[in-house]
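Numbering of ligands and ligand atoms starts at 1, following listing order.
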Amino acid sequence: MHAAVLVFPGSNCDRDLAVAFEKAGARVSMVWHKDTVLPDGIDIVGIPGGFSYGDYLRCGAIAANSPICGALRGHVDRGGFALGICNGFQVLTETRLLPGALRRNANLKYICKPVDLRVETADSAFTAGYSEGQEITVPIAHHDGNYFAADDTLRALNDQDRVAFRYVKNPNGSVEDIAGVLSENRRVLGMMPHPERMAEPAHGGTDGQAMFRALIEQLATA
Ligand SMILES: NC(=O)CC[C@H](N)C(=O)O
């Protein structure tokens, strides 16, 4: 399995994401934001957390218009997999590859702490290593994690079983406690919490590891 991890000026979780993929058994290529193509044979694109372009304008808005995001869009349009974490989720909403938007946290503060998530669906390559209803602990670190979507979008997300994770105790004001959502074809996941920061014992927990292991397993057969 070959993963690409995009790197923007201001990304700070790119190495963590690459290591999480590698430790699960993937080969990883780091891809700079100015590149216009992805390496051949990429199975999944990881869009990491951080502060792309300094979080100017709106988080993820400038990154969404960078050269590499044209290639990301082509990859997703061809049915390719993508995983956006935190700033990566913001990029995925700004590119409209996922619905909704991430607004300033309800308390207007940057929040950095472990949170409990409920796995809402095991029906995706990302969540197949969990069971529905399972609670996992994964850290958040954001100031713009307050997920919002219009009523018709929320209805579609719920009806199509596309809410991947909900917060057990909502930290940021996200509508319906939503922490992560899937695309219609279930091949794109965006989530504010950081599974790559809870992926080995030295992190203080390993609840994120199952996501990377499941991806390697599922994509080998996709
Ligand atoms: N850790 C991150 O990716 C931060 C995301 C974004 N810069 C925010 O603070 O909301």
Among all protein heavy atoms, pick the one closest to [atom] and tell me residue, atom and distance.
atom                   : result
atom 1 (N) of ligand 1 : Ala141 O, 2.8 Å
atom 8 (C) of ligand 1 : His143 N, 3.5 Å
atom 6 (C) of ligand 1 : Gln90 OE1, 3.3 Å
atom 2 (C) of ligand 1 : Cys86 SG, 2.8 Å
atom 7 (N) of ligand 1 : Asp55 OD2, 2.6 Å

Is Asp40 atom CG crowded by more than 12 heavy atoms from other residues, nucleotides or ligands, each under 6.0 Å away? no
Can you confirm whether Glu184 is buried at CD, in the sense that more than 12 heavy atoms of other residues, nucleotides or ligands lie under 6.0 Å from that atom? no
Consider every N or O of [X] and every N or O of ligand 1, then say whether any pair is closer than 3.5 Å.
X      : answer
Arg197 : no
Tyr110 : no
Asp144 : yes

Salt-bridge test for [X] and [Y]: reply yes if a basic N is under 4.0 Å from a carboxylate O, no otherwise.
X      : Y      : result
Glu94  : Arg96  : no
Arg103 : Asp144 : no
Asp161 : Arg186 : yes

Regarding His203 and Arg197, do their side chains bring together a donor and an acceptor under 3.5 Å, going by distance alone? no
Atoms in ligand 1 flagged as close to [X], the criterion being non-hydrogen separation under 4.0 Å:
X      : answer
His194 : 1 (N)
Gly49  : 3 (O)
Phe51  : 7 (N), 9 (O)

With rounding to the nearest 0.5 angstrom, report the CG to CG distance, Leu189 to Leu98. 7.5 Å
At the 4.0 Å heavy-atom cut-off, does Gly50 count as touching ligand 1? yes
Using the rule that two of Ile, Leu, Val, Met, Phe, Trp, Tyr join whenever any of their side-chain heavy atoms come within less than 4.5 Å, decide whether Val115 and Tyr110 are in one cluster. no
